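Only one structure is covered here, and it is reproduced in the block below.
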There are 2 protein chains.
Amino acid sequence: MDPAIDVQAKLEAHGVNPTPQRLEIGALLLRQPVHLSADQILQQLRAAGSAVSKATVYNTLRLFTAHGLVREVAVDPGRAIYDSTTVPHHHFYNADTGELTDIDAGAVGLPGIPSLPAGTRAESVEVIVRLRSR
Amino acid sequence: MDPAIDVQAKLEAHGVNPTPQRLEIGALLLRQPVHLSADQILQQLRAAGSAVSKATVYNTLRLFTAHGLVREVAVDPGRAIYDSTTVPHHHFYNADTGELTDIDAGAVGLPGIPSLPAGTRAESVEVIVRLRSR
DNA sequence: TTCTATGCAAAGACTTTGCATGCTG
DNA sequence: CAGCATGCAAAGTCTTTGCATAGAA
């Protein structure tokens, strides 16, 4: 059972055409829970000898996000982090190391979100606990 | 009681030298609770006839943040929003309009943040409720 | 062959850096 | 006069766009 099959099936299940570049990027993101920036993905591709362009990495990440294969995490204005865990959950963010750690949604109670502004619906509730190394 | 005095006093209380440019930027940010991006601040300065450069706006915002006069809110990777309310609180973020609204910290219960990773201390806990227009 | 989808070079947006200028002791 | 603080032009960094290419009908 070639693990590449998993990635291909996952792309197809989400309506994404499995091109070679998307399979390469998907292999890095979709086989295990990871938090990666676009640049980290590009580094890993280069290290593995791949020649996928930077623009294609960005476009692919945008496509994956639009199709629900990954989630964008906003912790640092200035670079997006992509999270391959798509079920609702929260994050520790260590501002000193840049390290991002998952917090299970069940571990955080969230009673009493106030009523939403008129004409809107809630799309997600995200808790970020910012840390500093001690 | 010239309101400009307020801004000057506030800068001095936080150890920031009140230069003309900083007073101009402070007047936009520090007199009332606002959420502004660097670009919005630049627009407002230009509209008021000011000639402060873009770089100075960015540098000043960084300085204000370092001295606790404003807080950076990470909602959109790609542009920072500066919040003149520095006491702990949370946010609604309308991804369609870009609008950011405060949620009082008392309105959201947050029982059970799991124990922190070893060697770290929590700096802040931020809840972001993402909205879409309906 | 025409039409659509794909991938990347080049362009754009946002932010930081390095240095010229002017002020302080 | 030496040294430091300040503000901005220019140089990054990160991301998106537009078009050439390749593939499908």
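Note that these values count all heavy atoms, side chains included, but never hydrogens, waters or copies made by symmetry. Note that the coordinates shown come from a computational prediction; the quantities given were computed from them, not determined experimentally. Protein chains get the first letters and strands the later ones, always in sequence-line order, with residue 1 at the start of each.
- Contact check, A/R79 against D/dT15: no side-chain N or O comes under 4.0 Å of OP1 or OP2.
- Counting to the nearest Å, the P atom of C/dG12 and the NZ atom of A/K54 are 17 Å from each other.
- At a threshold of 4.0 Å, the pair B/D96-B/R132 counts as salt-bridged, since one of the basic side-chain nitrogens sits closer than that to a carboxylate oxygen.
- Remark: P of C/dC14 and CG of B/D76 are 9 Å apart, rounded to the nearest angstrom.
- When each of C/dC8, C/dC14, D/dT16 is scored by its nearest atom to the side-chain atoms of B/Y58, the top-ranked nucleotide is C/dC14.
- Residues A/D104 and A/H89 fail the side-chain proximity criterion, which asks for heavy atoms closer than 4.5 Å.
- A donor-acceptor contact under 3.5 angstrom links the side chains of A/H91 and A/D102, judged on distance only.
- If you measure from atom CD1 of A/I41 to atom C1' of D/dT15, you get 14 Å, rounded to the nearest angstrom.
- Side-chain proximity of B/R62 to the nucleotides C/dA9, C/dT17, D/dT15 is greatest for C/dT17.
- Nearest-nucleotide mapping onto DNA chain D: of B/T56 and B/G78, the residue sitting toward the 5' end is B/T56.
- Atom-to-atom, CG of A/D39 to P of D/dT13 comes out at 10 Å; the value is rounded to the nearest Å.
- An OP1 or OP2 oxygen of C/dT6 is reached within less than 4.0 angstrom by a side-chain nitrogen or oxygen of A/R22.
- One interatomic measurement links the two molecules: CG of B/N59 to C1' of D/dA9, which rounds to 12 Å at whole-angstrom precision.
- Proximity note for B/Q21 (side chain, C-beta onward) versus D/dG7, D/dT15, D/dA9: the nearest is D/dG7.
- Rounded to an integer number of Å, the gap from B/H67 NE2 to D/dT6 P is 9 Å.
- Defined by atom type and a distance below 3.5 Å, a donor-acceptor pair is present between the side-chain atoms of B/S50 and B/E24.
- Remark: C1' of C/dT15 and CG of B/L42 are 13 Å apart, rounded to the nearest angstrom.
- Contacts of A/T19 with the nucleic acid, taken as non-hydrogen atoms under 4.0 Å apart, involve only primed sugar atoms and P, OP1 or OP2.
- Relative to the side chain of A/A80, the nucleotides C/dT15, D/dT15, C/dC8 differ in distance, and D/dT15 lies closest.
- Heavy atoms of A/N17 sit under 4.0 angstrom from primed sugar atoms or phosphate atoms, though from no base atom.
- Protein atom CD of A/Q40 is 16 Å distant from nucleotide atom C1' of D/dT15, rounded to whole Å.
- Under the 3.5 Å distance criterion, with hydrogens and angles disregarded, no donor-acceptor pair is assigned to the side chains of B/T65 and B/E72.
- Between A/S53 and the phosphate of C/dC8, there is a side-chain N or O to OP1/OP2 separation shorter than 4.0 Å.
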